[in-house]
Amino acid sequence: MFMMLTSRLALDALRRTRHGAPHPCRRSLPGLFLLAEGWRTGDTSLHSDPGVSKRGLRGRRVSPPWPGPRGTRSLGWSAAAVVNSAPAPVQPYLRLMRLDKPIGTWLLYLPSTWSIALAADPGCLPHLDMLTLFGAGALLMRGAGCTINDMWDKDFDKKVTRTASRPIASGQVSQMQALVFLGGQLSLALGVLLCLNYYSVALGAASLCLVVSYPLMKRITYWPQFVLGLTFNWGALLGWAAVRGFCDWSVCLPLYFSGVMWTLIYDTIYAHQDKEDDVKIGVKSTALRFNEQTKPWLSGFALAMVSGLAVAGANAEQTLPYYAALSAVAAHLTRQIYTLDINKSEDCWKTFSSNRNLGLLLLLGIVAGNLWKERRETLLTTGEAVR
């Protein structure tokens, strides 16, 4: 199926190029996602409003977001467009693992990239093979987590406008089919994990209980986002262990703590989209716990996150570029919290999604800071030689 899909995408790209159409890769990924969704559903307001599911789908056809040859189906290069172009029987499973909404995969993946980059030798780039393995693992484990979540929440999802169209809730995928699909994802994820050292295999396997239990937390506590943070940021521990063969707790624990605080920030913002429905069906969240006091709470989490990152950087002997990036991260968080309107779903989504850029900014700072170490050590060595 993947070979057929790849061939189809390549053929379509060649046809667009031959007919003089602009290459879609020149567009930004978020813009492509919104344009492709708007084209598919006929809702042009999607270009600025990701809260589409609360308004419903109109179903009328409009012109595609970029021109294509007459008589052919033009494909977008966004994740949603790739899913829409897959064979119809496969699409519900791709949506079940949220392949059409990659933001969650990014947020799961990024903490592990921070850890891998911090563990790199001074003056060296992060291990590309580790980044690739963890990327595949994040895709699979995020898909498995979403499958587990939808299996637990089938009855809840039917009652919420935003989630009623999910494959299990809508009946496109049965519970048994979802269970088999879950087994396949976990098997592939295990294959990725077994590529790591024994220490990392044991550490990675220990996270499975969090993956399974998280969906239940919203039924029993107003802090399910905290449990999600413990789950989503396990890569902050695992990344270092995969590179070095052990955890340097003086670096990994502050990094993990900061990741948990980060998740409390972005997932509380995300939860404000559903707070009215959550009250009706009895689901708990930090958005309901904090309510109008959300911004002071988020400010506290942001301060804790930046402090933890500063400690992790100091213990990893990071350099100037890292702290410059950390200052930019602090400014990004400040802007998020200051401009956030918790009563507007579209603003919550926009702010939530911006955290991918925040994570990439920190990764860039870690890489640059590590490369700077070589320069600093060279200058120190030169100075000693002159003396």
Residues Met305, Leu309; criterion side chain to side chain contact (heavy atoms under 4.5 Å, CB included); working and verdict | CA-CA 6 Å; Met305 176 187 175; Leu309 289 173; 4.0 Å; yes

Do Met176 and Phe181 belong to the same hydrophobic cluster, where Ile, Leu, Val, Met, Phe, Trp and Tyr are linked whenever their side-chain heavy atoms lie under 4.5 Å apart, directly or via other members?
-> yes

Tell me, do Leu288 and Ser285 make a side-chain contact under 4.5 Å, heavy atoms counted?
-> yes

Using side-chain contact (heavy atoms from CB on, under 4.5 Å) as the criterion, list what pairs up with Leu361, not counting sequence neighbours.
-> Ala328, Val329

Less than 4.5 Å apart, any side-chain heavy atom of Gln185 and any of Met97?
-> yes

Please, which pairs that meet side chain to side chain donor-acceptor pair (under 3.5 Å) have at least one residue in residues 320-335, sequence neighbours excluded?
-> His332-Gln336

List the steps and the verdict of side chain to side chain contact (heavy atoms under 4.5 Å, CB included) for Leu340 and Leu298.
-> CA-CA 11 Å; Leu340 175 66; Leu298 296 185; 4.1 Å; yes

Answer whether the closest heavy-atom distance between the side chains of Leu326 and Val306 falls below 4.5 Å.
-> yes

Could you name each residue pair satisfying salt bridge (Lys or Arg N to Asp or Glu O under 4.0 Å) that touches residues 174-197, not counting sequence neighbours?
-> none

Glu346 vs Asp341 side-chain heavy atoms within contact, under 4.5 Å | no

Could you list the residues that satisfy side-chain contact (heavy atoms from CB on, under 4.5 Å) with Ala368, not counting sequence neighbours?
-> Pro321

Could you check whether the rings of Phe301 and Phe290 sit parallel, tilted or perpendicular, using 30° and 60° as the cut-offs?
-> tilted

When rounded to the nearest 0.5 angstrom, what is the spacing between CH2 in Trp106 and CG in Leu360?
-> 5.0 Å

Linking I/L/V/M/F/W/Y whenever their side-chain heavy atoms sit closer than 4.5 Å, directly or via other members, would Trp234 and Leu230 fall into one cluster?
-> yes

Are any non-hydrogen side-chain atoms of Leu303 and Ser307 less than 4.5 angstrom apart?
-> yes

Indicate every side-chain donor-acceptor pair of residues 115-138 with a distance under 3.5 Å to a residue at least two apart or in another chain.
from: Ser115; atom 1: OG; to: Ala236; atom 2: O; distance (Å): 2.8
from: Ser115; atom 1: OG; to: Trp240; atom 2: N; distance (Å): 2.7
from: Thr132; atom 1: OG1; to: Leu128; atom 2: O; distance (Å): 2.9

Within the distance-only criterion (no hydrogens, no angle test), does the side chain of Asn84 pair as donor or acceptor with the backbone N or O of Ala80 below 3.5 angstrom?
-> yes

Value for OG1 (Thr231) from CG (Leu108), rounded to nearest 0.5 Å, stands at 9.5 Å

What's the spacing between Ile269 CD1 and Thr351 OG1 if we round to 0.5 Å?
-> 5.5 Å

Minimum heavy-atom distance Asn233-Pro111, with the two atoms named | OD1-CG, 3.1 Å

Quick check: does any side chain N or O of Lys159 sit under 3.5 Å from a backbone N or O of Lys280, one acting as donor and the other as acceptor?
-> no

Going by heavy atoms in the side chains, are Trp262 and Leu110 under 4.5 Å from each other?
-> yes

Test item: Trp223 and Leu264 side chains (from C-beta on) under 4.5 Å apart, heavy atoms | yes

Which atoms form the tightest heavy-atom contact between Leu96 and Pro167, and what is the distance?
-> N-CG, 3.8 Å

Can Asp150 and Arg95 be counted as an ion pair, charged N to O under 4.0 angstrom?
-> no

Return each pair, listed once, that meets salt bridge (Lys or Arg N to Asp or Glu O under 4.0 Å) where at least one residue sits in residues 194-222; pairs must be two or more places apart or across chains.
-> Asp153-Lys218, Asp153-Arg219

Applying side-chain contact (heavy atoms from CB on, under 4.5 Å), name anything that partners Ala241, two or more places apart in sequence or on another chain.
-> Tyr199, Ser200, Leu203, Cys247

Gln175 atom CD: more than 12 heavy-atom contacts under 6.0 Å | yes

Nearest heavy-atom pair of Val260 and Gly229: which atoms, and what distance?
-> CG2-O, 3.6 Å

Residues Thr105, Leu99; criterion side chain to side chain contact (heavy atoms under 4.5 Å, CB included); working and verdict = CA-CA 9 Å; Thr105 303; Leu99 200 63; over 6 Å; no

All pairs passing side chain to side chain donor-acceptor pair (under 3.5 Å) where residues 248-258 contributes a residue, at least two apart | Asp248-Ser250

Which pairs, with at least one residue in residues 289-303 and sequence neighbours excluded, count as a side chain to side chain donor-acceptor pair (under 3.5 Å)?
-> His272-Thr294

Just wondering, are more than 12 heavy atoms of other shown residues or ligands nearer than 6.0 Å to CH2 in Trp152?
-> no

Between CD1 of Ile366 and CG of Leu255, what distance do you get to the nearest 0.5 Å?
-> 6.5 Å

Kindly check if the number of other-residue, nucleotide or ligand heavy atoms within 6.0 Å of NZ (Lys344) is above 12?
-> no

Interatomic spacing from CD1 in Ile281 to CG in Asp155 - rounded to 0.5 Å = 10.0 Å

What closest approach, in Å, do Thr339 and Asp347 show between heavy atoms, and which atom pair accounts for it?
-> O-OD2, 3.7 Å

Hey, quick one: are Leu208 and Leu216 part of the same hydrophobic cluster, counting side-chain heavy atoms closer than 4.5 Å, chains of contacts allowed?
-> yes

Which residues satisfy the side-chain contact (heavy atoms from CB on, under 4.5 Å) test with Ile103, sequence neighbours excluded?
-> Leu107, Trp349, Phe352, Arg356

Beyond-backbone contact of Arg98 with Asn149, side-chain heavy atoms, under 4.5 angstrom | yes

With sequence neighbours left out, which residue pairs that include part of residues 202-217 fulfil the side chain to side chain donor-acceptor pair (under 3.5 Å) condition?
-> none

What pairs with Arg142 under salt bridge (charged side-chain N to carboxylate O under 4.0 Å, His left out), at least two apart in sequence or on another chain?
-> none

Show your working on side chain to side chain contact (heavy atoms under 4.5 Å, CB included) between Ile168 and Asp157 and close with a plain yes or no.
-> CA-CA 9 Å; Ile168 297 178; Asp157 286 346; over 6 Å; no

Would a distance-only check, ignoring hydrogens and angles, find a side-chain to backbone donor-acceptor pair under 3.5 Å from Ser353 to Lys350?
-> no

Give a yes or no on whether Met141 and Met151 share a hydrophobic cluster (residues Ile, Leu, Val, Met, Phe, Trp, Tyr; joining criterion: side-chain heavy atoms under 4.5 Å apart).
-> yes

Rounded to the nearest 0.5 angstrom, the OG1-CD distance for Thr147 and Gln177 is 12.5 Å

Among the clusters formed by ILVMFWY side chains lying less than 4.5 Å apart, do Ile220 and Leu228 turn up in the same one?
-> yes

Shortest non-hydrogen contact from Pro215 to Ile148?
-> CG-CG2, 4.0 Å

Counting distance only, does the side-chain N/O of Gln172 pair as donor-acceptor with the main-chain N or O of Pro92 below 3.5 Å?
-> no

Quick one: do Arg162 and Asp277 make a salt bridge, cutoff under 4.0 Å?
-> no

Tightest non-hydrogen contact, residues Cys209 and Ala206, listed as SG-O, 3.4 Å

